[in-house]
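Reading through the structure tokens given below for one structure.
Chain letters run A, B, ... following the sequence lines, proteins first, then strands; residues in each count from 1.
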Amino acid sequence: MFAKDSEVVIRAKNLTKKYKDFVAVDGIDFEVKRGESFGLLGPNGAGKSTTMKMISSVSQRTGGELTILGKEPNTHGPEIRAHLGVVPQKDLLDRELKAWENLFTYGRYFGLSRKFLKQKVEELLEFAQLTEKRNSKADDLSGGMQRRLAIARGLVNEPEILMLDEPTTGLDPQARHILWDRLFRLKEQGVTLVITTHYMDEAEQLCDRLIVMDKGKIMAEGSPAALIKQYSSKEVVEVRFGTDKNEKFAPQLEELADRIEVLPDRILLYTEKGEELLTKIVDAGLHPVTSLVRRSSLEDVFLRLTGRTLVE
Amino acid sequence: MITQLVVSQAVAIQERRSARPGSSIYSGRASMLLERGFRAFKSSNWMVVLSGFVEPVLYLLAFGFGIGQLIGNLEDGLGRPVSYAAFIAPALLATSAMNGAVYDSTWNVFFKMHFGKIYQVMLSSSLGPMDVALGEIGWALLRGVAYSLGFMAIVTPLGLVTNAWGLLAIPAASLIAFGFASIGMAITSYLKSFQQMNWVTFFMLPMFLFSGTFFPVSVYPQWIQMIVQALPLWQGVELIRSLMLGIVDWSLLGHVAYFLVMIAGGLWFTTVRLKALFMR
């Protein structure tokens with residue numbers, strides 16, 4: 001594992017995907033190292049899923065270079081897929097099969113023996129906390145359980161890289177936390193995770209390093225903390241004056257903070273010291289309807305980079 | 001450990017495969033789809049499956065033994081007398097094979113493709129599109145074979161198989177089922193809506209009625225005969241009828257070749273289409 005720690009498992013150079021006239025991924029470069037948890041962050045249509053599909057070798061690039069574990073996806077698709085675990089956005093469980101059969105059958109697609117899978121399936125059901133539900137049809141499971149089953153399915157071939165497309169979209173907060181916990185465990189075991197998300201807190205929780213994508217391009221790259229440091233301030237003050245009044249107070253506020261963003265429903269003020277700034281605002285005779293001091297997040301990074309919010 | 005850092009079994013299996021030509025589209029594991037088919041089948045609706053089998057049997061009873069009483073005997077190609085039931089039984093066997101294969105390769109495939117989305121998942125494993133095509137066609141073919149075996153089990157005791165060549169009707173029916181399964185899935189992979197799917201049903205009924213099933217195609221003018229003879233069901237009916245009536249010569253290989261082309265073409269188009277749909 002020593003030399004392998006720095007091994008690059010995914011390498012993309014000028015990676016491009018065009019559909020007719022539409023450029024979904026526009027010449028991006030990135031590398032993912034073994035054991036790393038790598039995030040692709042961006043709004044819908046940023047090209048995250050397309051990038052995931054190219055890595056998963058179910059979509060051929062139209063330009064640039066891409067290797068996964070040193071292998072060429074255009075010629076070695078099935079071989080690369082044997083290295084990967086894929087958790088698709090909509091789970092896509094086999095509704096005609098029971099929970100355990102979903103795992104077993106998927107393992108058979110890889111050519112794994114029944115004997116091996118018998119043991120593996122039990123292990124994975126336990127990992128996904130679904131042992132009790134083993135005989136339920138996929139449709140009868142809750143959203144969180146379905147997602148965990150989809151993750152367990154992605155692990156059946158003992159993948160080195162697990163690809164997760166929007167792993168917690170549509171889950172309630174509790175189910176989300178259970179899921180994060182499972183993903184942490186995988187990371188601890190040395191599995192390389194590649195995660196797309198449009199949730200900032202998720203990226204901050206799960207990713208060692210990430211790329212921020214917008215319109216098929218990479219806007220920034222780094223660890224969540226480094227990105228926040230580079231593109232935002234330490235703290236953010238959010239104030240609301242009411243929908244029509246936000247614009248009106250913007251010039252006055254601009255003088256108080258390092259930088260401000262005026263959104264339709266609120267104004268964000270970037271500063272190193274949030275509480276102090278809030279006091280200054282009140283001292284200046286401005287009385288926001290609501291105010292909030294919070295840590296800067298990747299949401300702010302995205303806003304800074306693109307001038308837009310992530311979830312519109 | 002849930003995962004491991006040494007080469008996993010799945011990778012080792014696939015690396016052994018990679019030396020072979022075509023390894024990027026075919027991993028040699030189409031049989032895994034049959035396994036999945038049996039698992040899913042265990043909990044499916046048996047009545048639906050049974051109803052497809054019963055249809056040709058009902059036609060045999062109603063036409064062969066009912067209307068057959070009014071018609072009396074026909075002459076086979078060698079001038080020997082043949083009962084009407086014995087004349088239509090081979091055609092209905094071919095139809096059984098066709099029905100079984102087509103039900104599965106059209107409607108069931110359509111649902112799996114657009115609603116179950118199981119092909120997408122299969123293709124994210126180390127299976128290739130040709131594994132999926134061959135596996136699903138194979139599954140549909142099995143239903144066709146099951147229908148024809150059931151049909152044979154009914155007609156043989158009724159004395160409608162009169163000579164040893166008749167035994168070859170079973171592999172012939174399998175060939176027919178394979179052809180229809182293959183072309184059925186290929187066509188389905190191009191269809192997008194229920195309306196389009198209904199065209200398949202719309203086409204099947206006249207093909208069933210007019211492919212020499214209930215009367216010889218010699219009643220038609222020449223140009224209609226040529227159209228009918230180009231249709232796959234006529235090819236199947238001729239093949240099985242010749243075998244069951246014991247009129248065997250080399251010309252039967254022409255029918256066999258027709259189905260081999262149909263199988264290969266269907267398989268190829270299905271593979272290409274799966275790639276276009278799910279690996280774009």
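- Only the backbone of A:Thr75 comes within contact range of chain B, judged by heavy atoms closer than 4.5 Å.
- Residues of residues 87-97 of chain A lying within less than 4.5 angstrom of chain B, judged on heavy atoms, are A:Leu92, A:Leu93, A:Asp94, A:Arg95, A:Glu96, A:Leu97 in numerical order.
- Comparing B:Glu35, B:Glu15, B:Lys117 by heavy-atom pairs within less than 4.5 Å of chain A, the highest count is held by B:Glu35.
- Other residues, nucleotides and ligands place no more than 12 heavy atoms under 6.0 Å from the NZ atom of A:Lys215.
- Annotation: A:Glu126, atom CD; neighbour count of heavy atoms from other residues, nucleotides and ligands within 6.0 Å does not exceed 12.
- Ranked by heavy-atom pairs under 4.5 Å with chain B, the list A:Ala82, A:Ser113, A:Pro78, A:Gly107 is led by A:Pro78.
- Side chain of A:Arg81 to main chain of B:Leu123: a donor-acceptor pair is present (N/O by atom type, distance under 3.5 Å, no hydrogens or angles).
- When the candidates A:Arg153, A:Arg185, A:Met54 are compared by the number of heavy-atom contacts under 4.5 Å with chain B, A:Arg153 comes out ahead.
- Interface remark: B:Arg29 contributes side-chain atoms only to the contact with chain A (heavy atom separation under 4.5 Å).
- Looking at A:Lys137, only its side chain comes within 4.5 Å of chain B, counting heavy atoms on both sides.
- Within 6.0 Å of CZ in B:Phe269 there are 12 or fewer heavy atoms belonging to other residues, nucleotides or ligands.
- Chosen from B:Lys112, B:Arg36, B:Arg17, the residue pairing most often with chain A at heavy-atom distances under 4.5 Å is B:Arg36.
- Heavy-atom distances place the backbone of A:Ser57, and not its side chain, under 4.5 Å from chain B.
- The neighbour count for A:Lys217 NZ, taken as heavy atoms of other residues, nucleotides or ligands under 6.0 Å away, does not exceed 12.
- Checked for salt-bridge contact, B:Arg16 and A:Glu79 miss the test: no charged N lies under 4.0 Å from a carboxylate O.
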CA sep, side-chain torsions, deciding dist, call: A:His76, B:Ser18, side chain to side chain contact (heavy atoms under 4.5 Å, CB included): CA-CA 7 Å; A:His76 289 70; B:Ser18 280; 4.2 Å; yes
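- A donor-acceptor contact closer than 3.5 angstrom is absent between the side chains of B:Ser124 and A:Tyr109.
- Looking at B:Phe278, the atoms closer than 4.5 Å to chain A (heavy atoms on both sides) all sit in the backbone: N, CA, C or O.
- Within residues 125-133 of chain B, the residues having any heavy atom closer than 4.5 Å to a heavy atom of chain A are B:Ser125, B:Ser126, B:Leu127, B:Gly128, listed by residue number.
- When the candidates B:Ile118, B:Val121, B:Ile25, B:Leu33 are compared by the number of heavy-atom contacts under 4.5 Å with chain A, B:Val121 comes out ahead.
- No side-chain heavy atom of A:Tyr106 sits under 4.5 Å from any side-chain heavy atom of B:Met122.
- Between chain B and the residues A:Leu112, A:Val156, A:Leu162, the largest count of heavy-atom pairs under 4.5 Å involves A:Leu112.
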Full working for side chain to side chain contact (heavy atoms under 4.5 Å, CB included) between A:Lys17 and B:Arg280: CA-CA 10 Å; A:Lys17 178 75 185 185; B:Arg280 54 194 292 264; 5.5 Å; no
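- Atoms NZ and CD, from B:Lys275 and A:Gln60 in turn, are 5.0 Å apart once rounded to the nearest 0.5 Å.
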